[in-house]
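Basis for what follows: all heavy atoms, side chains included, without hydrogens, waters or symmetry-related copies. Residue numbers run from 1 in the order of the sequence given.
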Amino acid sequence: MDALTNLQQRFSQPLLQEPGPDAEQLDNMFAAAMRAPDHAALRPWRFLVIDGDARGELGELYARAALQANPDVTEDVLTRNRKMTFRAPTIIVAIAVVTEHPKVPASEQLIAAGCAVQNMLLAANAQGVGAMWRTGGVAYDPVVKEGLGLAAHEEIIGFVYMGTPSKQRTAPLLDSSDYVSRWPA
C-alpha cells in the first residue's frame, strides 16, 4: 500500500477477531510510533501490550474500578466491564508521559503522544491489521491507572484495539474543502 492511499483510506475497524498482530507487525507499529513529531526529542509516550489471558486480568481491573466507583453496581455492569477487553485479540494501552520542560508545554507532549498513536494506526492499516482507538471512562479512572502502573505524570490517551477485521469497513469520502479556508478571507 502506498503512503498516500494509506493516509487517505485508513479507517477505524471496530469489529475485530483473531488473529491479532504478530510480533513483527507490532515491532513495525512501534517503530512507526517513534517517528512521531516530538519537540526536544522527549518521546513523551509509552505503550503496554495486552493480549491472551492478560485481557481477562484487564477486564477484572475494569470491574474493580466500576465497583469502587459505585459499590451498588449491578452484576450485569461488572460482567460488561469484564467483557470489554475481549473486543479484540490485542490491546495497546497508549500512555502519555508528560514531564516538566522549559520549552515543551504539556499540551505539545500530549499531541506528540497522539501522533505516535496515529502512526501506529497507519502502520497497522498498511500491514492489513484492523485497529480502533478507544478511550471511555476507564481511561481516566484512577483505579485503572494505578492497576496498570501509571505514574502521577502519566495519563492514558487511549486503548488501541487490534486484530483481524471481521467485517471490512471502508472510509467515507470527505470533502476537505469543508474544513479548509484561507486567511485572511
Side-chain angles (χ1 to χ4, degrees), residues 1-38 44-63 65-66 77 79-96 110-141 144-145 148 150 155-176 178-180:
M1 174 180 300
D2 72 77
L4 283 177
T5 299
N6 189 22
L7 287 165
Q8 293 171 354
Q9 294 184 1
R10 190 218 64 84
F11 197 61
S12 294
Q13 301 289 340
L15 303 174
L16 300 166
Q17 61 189 12
E18 296 285 350
D22 62 31
E24 180 180 1
Q25 290 170 320
L26 284 171
D27 286 346
N28 288 333
M29 289 179 231
F30 294 129
M34 296 304 118
R35 302 310 310 160
D38 178 16
W45 53 70
R46 70 182 182 95
F47 307 100
L48 299 175
V49 179
I50 300 173
D51 54 13
D53 292 341
R55 292 176 299 162
E57 292 178 44
L58 181 61
E60 288 301 324
L61 178 59
Y62 288 178
V77 170
T79 298
R80 273 187 301 199
N81 274 273
R82 289 181 182 108
K83 288 183 178 181
M84 284 182 0
T85 59
F86 290 94
R87 292 175 176 160
T90 303
I91 302 169
I92 307 297
V93 184
I95 301 167
L110 285 170
I111 291 167
C115 289
V117 175
Q118 175 66 4
N119 281 3
M120 289 175 57
L121 293 171
L122 289 167
N125 190 60
Q127 299 176 96
V129 175
M132 177 83 174
W133 184 344
R134 297 179 182 266
T135 52
V138 292
Y140 312 105
D141 189 285
V144 173
K145 289 179 181 183
L148 291 174
L150 271 70
E155 60 184 278
I156 297 169
I157 59 170
F159 297 91
V160 182
Y161 287 71
M162 294 184 173
T164 301
S166 58
K167 180 179 179 185
Q168 192 69 35
R169 296 175 66 198
T170 56
L173 296 176
L174 300 173
D175 186 352
S176 61
D178 293 339
Y179 304 92
V180 178

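Proximity of Ile50 to Leu148: side-chain heavy atoms (C-beta onward) are separated by under 4.5 Å at one or more points. The shortest side-chain heavy-atom distance between Phe11 and Pro172 falls under the 4.5 Å cut-off. The side-chain heavy atoms of Met120 and Phe30, taken from C-beta on, include a pair separated by under 4.5 Å. Taking the side chain as every heavy atom from C-beta outward, Ile156 and Tyr140 never approach each other to under 4.5 Å. Using a 4.5 Å heavy-atom threshold, the side chains of Asn125 and Gln13 count as separate. Met29 has its side chain out of reach of Val160: every pair of non-hydrogen atoms, C-beta onward, lies at least 4.5 Å apart.
Across Gly128 and Pro165, no two heavy atoms sit closer than the pair O-CD, 4.3 Å. Taking every heavy atom of both residues into account, Ala66 and Asn81 meet most closely at CB-ND2, 3.9 Å. The nearest pair of heavy atoms linking Leu26 to Pro21 is CD2-CG, 3.8 Å. Nearest heavy atom pair, residue Met84 against residue Val138, reads CE-CG1, 4.1 Å. The heavy-atom pair separating Ala112 from Ala36 by the smallest distance is O-CB, 3.9 Å.
We find the CG-CZ distance between Leu16 and Phe86 to be 14.5 Å, quoted to the nearest 0.5 Å. Summarising the geometry, atom CZ belonging to Arg35 is positioned 9.5 Å from atom CG belonging to Asn119; distances are rounded to the nearest 0.5 Å. Ile91 contributes atom CD1, which lies 11.0 Å from atom CG of Leu48 (distance to the nearest 0.5 angstrom). Atoms NZ and CG, on Lys145 and Leu61 in that order, are 13.0 Å from each other to the nearest 0.5 Å. In this structure, the separation between CD on Gln8 and CG on Leu173 is 10.5 Å, given to the nearest 0.5 Å.
Checked by atom type and distance alone, the side chain of Ser166 pairs as donor or acceptor with a backbone atom of Leu15 at under 3.5 Å. With Trp133 contributing its side chain and Ile157 its backbone, the two residues share a donor-acceptor pair below 3.5 Å. Put simply, the side chain of Thr135 never gets that close to the backbone of Gly158: no donor and acceptor are under 3.5 Å apart. Distance alone, capped at 3.5 Å, is enough to place a donor-acceptor pair between the Gln127 side chain and the Gln25 backbone.
Residue pairs satisfying the side chain to side chain donor-acceptor pair (under 3.5 Å) criterion with at least one member in residues 85-94, sequence neighbours excluded, are absent. Sorted by first and then second residue, the pairs that involve residues 44-55 and meet side chain to side chain donor-acceptor pair (under 3.5 Å), not counting sequence neighbours, are Arg46-Glu154.
Open room surrounds CD on Glu24; 12 or fewer heavy atoms of other groups in view lie less than 6.0 Å from it.
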